[in-house]
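Working notes, beginning with the structure itself.
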Amino acid sequence: MEPFYTTDVLVIGGGLAGERAAIEAAASGHKATILSLVPPRRSHSCAAQGGMQASLGNCLGAAGDNEDIHFADTVRGSDWGADQEVVRMFTHTAPKAIRELAAWGVPWNRVARGEREITVDGQKKTISEPDAAHGLITSRNFGGTQKWRACYVSDGTGHAMLYTVSNQAIAANIPVHERMEALALIHADGRCHGAIVRNLMTGELLAYVARATCIATGGFGRIYRVSTNAIINEGMGAAIALETGVATLGNMEAIQFHPTGIFPAGILVTEGCRGDGGLLLDRNEHRFMPDYEPEKKELASRDVVSRRMEEHIAAGHGVKSRFGEHLWLDIRLLGAEHINTQLREVKEICQYFLGVDPVKELIPVRPAQHYSMGGVRTNHRGESPQLRGLFAAGEAACWDMHGFNRLGGNSVAETVVAGMIVGDTIADFCDSAEGALQLSTSLVDEFGRRESQRLAEIANGKGRESAFELARLMQETMTAEVGIFRDGDRLEQAVATLQELQLRSRNISLRSSAPGANPELVTAYRLQRMLKLAQCVAYGALQRTESRGAHYRADYPRRDDLNWMRRTLARWPSPDDRLPALDYEPLDIMKMELPPGWRGY
């Protein structure tokens, strides 16, 4: 073990949530250090396309919008699984966050006075924006919302936000240590003290000791075969929290599938396509969503649209291809000018990965895994209730703003809002007596030796299993058995298969044991953790005998508030365990600002 680094705040993850939390903590005078698997401007935050939700109410379609309406939309979207205290904090902070980003340089699209043509329900319509709104931040329509609330930068919103926030981190002299992966959290007696970290280029192990540690590593979509997530989104932040045996993960069974992943690659095309007027068509080029959802049509919430699409394919209306069946997304009616200016990334994706020009041709789409509502369970301040000194923000956290389904645009908004709030909480923690850095160097050495031994056992293993093959089997199992439609038999099969894969993952052999840049070694040690995350998803889904939001049980098709108005908590007490230990956290209906009811779609 090399001499360790010390810092006040260690942020694991260099995307929007991580950088924004580091900026907030540094603004209070604390030394913050960011670890990132990739250069921070290559983080998956960059892939966010359609917009950031904030109730500004500037354009005509957003007239009358406010924090209360945003709150109600988010709670209904969550299928009453969200923490309403967190939702209220979020909706009131989002307008402040978006104006701050504008001041920092994000070039938000703006309202232009006078008449303009829009597409609504498949028809062209002319509206007139008032003079008083000219130059204000505009917004577009998104699924599951009553108002046009998604503020955007064409369809490169995440790109613009990430580059701007990254510039602010540079201006604040916050160091970003790239190509670094946290392998384990250093902890003892219910207190987190930092992490053991591997340099992905040299293989060297280092210790980063910190007063506060924040996990902001994004989602874990790569446990599925078809995902819109970047290949780095393997859930290692959530996994190292789980492996403490102390911290819990919340609502891991809540997995969102986005309706419009291009087929067969699964790369995202934004909800903004449908928000701007695009339509979903079947093999006969029939617009089918009004048949299922006559009010919201293509703009029902993502969980509903994804299910309707799969139901329509199962009914025999899918378009057959050599890769399987799909449906069509039609944005031709929006016109070349709109596509070339407001949906230019979508056009480039279609051209590069499909050979399709969406100005003239239909886009083949099918739902793909997109977002993880579950993650490291925190309270409303972003703190782990079980492990002091551990915080989480963004998709890696179960702050529980989204419950069992996330509305489009609320995730990229959450990154910066949670970054602000959690970063401020971290600063307060570091200022308190509890935030003092007190630990033995022998504890650091113990964790360092443990991780070094673990890597050596994998590198020198003489087994017969391939890490890549086991990873493929895991992804196939999750896609086939723990997807959009779930039932008890398939979930039981998934749990059994994942248990078998866990055992086989201890019998891996590598073709190269090179200590430095070694993708096979990385796959092998990440696989064992990904299997634990996958098991938390499958086992949690098996136990939850109801349908809520994106968790849909065909054998239990109704929401059951009497028995399941509660949050799933998963722990992994011992490394040798084959299943997570599940507990449940009740949601107190008497404290809810908006009591349970019908979602409206």
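Numbers here are sequence positions counted from 1.
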With distance as the sole test, does [X] use its side chain to make a donor-acceptor pair with the main-chain N or O of [Y] at under 3.5 Å?
{"X": "R381", "Y": "F391", "result": "no"}
{"X": "D73", "Y": "T145", "result": "no"}
{"X": "Q49", "Y": "T270", "result": "yes"}
{"X": "E293", "Y": "E298", "result": "no"}

Results of ring pair (Phe, Tyr, Trp, His ring centres under 6.0 Å) for F142 - residues two or more places apart only: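 Partners of F142 under the ring pair (Phe, Tyr, Trp, His ring centres under 6.0 Å) test: none.
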Roughly how far, to the nearest 0.5 Å, is [atom2] of [Y] from [atom1] of [X]?
{"X": "Q84", "Y": "M592", "atom1": "CD", "atom2": "CE", "answer": "5.5 Å"}
{"X": "L162", "Y": "R20", "atom1": "CG", "atom2": "CZ", "answer": "13.5 Å"}
{"X": "N229", "Y": "I267", "atom1": "CG", "atom2": "CD1", "answer": "12.5 Å"}

Using the test salt bridge (Lys or Arg N to Asp or Glu O under 4.0 Å), find all partners of [X] that sit at least two apart in sequence or belong to another chain.
{"X": "R222", "result": "none"}
{"X": "D83", "result": "none"}
{"X": "D561", "result": "R548, R559"}
{"X": "R544", "result": "E253, E546"}

Do [X] and [Y] have side chains that get closer than 4.5 Å, going by heavy atoms?
{"X": "F288", "Y": "M309", "result": "yes"}
{"X": "S154", "Y": "Q342", "result": "yes"}
{"X": "L329", "Y": "L280", "result": "yes"}

With sequence neighbours excluded, what pairs up with [X] under the side-chain contact (heavy atoms from CB on, under 4.5 Å) test?
{"X": "R283", "result": "V319, K320"}
{"X": "Y584", "result": "Q543, W564, R566, T568, L582"}
{"X": "I232", "result": "L37, V38, A230"}

E383: partners by side-chain hydrogen bond (donor to acceptor under 3.5 Å, both in side chains), with sequence neighbours left out: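 In terms of side-chain hydrogen bond (donor to acceptor under 3.5 Å, both in side chains), with neighbours along the sequence ignored, E383 is linked to N379.
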Residues that H92 engages under side-chain hydrogen bond (donor to acceptor under 3.5 Å, both in side chains), provided they are two or more places apart: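 Residues passing side-chain hydrogen bond (donor to acceptor under 3.5 Å, both in side chains) with H92: R88.
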Which heavy atom in [X] sits nearest to a heavy atom in [Y], and how many Å separate them?
{"X": "A112", "Y": "E129", "answer": "O-CB, 3.4 Å"}
{"X": "G14", "Y": "I34", "answer": "CA-CG2, 3.8 Å"}
{"X": "G77", "Y": "Y601", "answer": "CA-OH, 3.3 Å"}
{"X": "C151", "Y": "S139", "answer": "N-CB, 4.0 Å"}
{"X": "R377", "Y": "R567", "answer": "NH2-NH1, 3.0 Å"}
{"X": "V376", "Y": "L249", "answer": "CA-CD2, 3.8 Å"}

Geometric class of the H326/W328 ring pair [parallel <30°, tilted 30-60°, perpendicular >60°]: perpendicular
Polar side chain donor-acceptor pair, D291 to H286, under 3.5 angstrom: yes
Between Q256 and D303, a side-chain donor and acceptor under 3.5 Å: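 No, D303 and Q256 have no side-chain donor paired with an acceptor closer than 3.5 Å.
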Positive for side chain to side chain contact (heavy atoms under 4.5 Å, CB included) with W148, one of L60, I118, T138, L56: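 In the set L60, I118, T138, L56, the residue that makes a side chain to side chain contact (heavy atoms under 4.5 Å, CB included) with W148 is I118.
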Note: E414-R406 ion pair, threshold 4.0 Å (strictly below): no
Ion pair check, D155 and R140, cut-off under 4.0 Å: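 So D155 does not pair with R140 through a salt bridge.
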Any pair counted as salt bridge (Lys or Arg N to Asp or Glu O under 4.0 Å), so long as it reaches residues 366-375, sequence neighbours left out: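 Qualifying pairs, neighbours excluded: E310-R366.
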Sequence neighbours excluded - salt bridge (Lys or Arg N to Asp or Glu O under 4.0 Å) pairs with any residue from residues 130-139: R113-D131
Check: Y552 ring centroid to F257 ring centroid under 6.0 Å: no
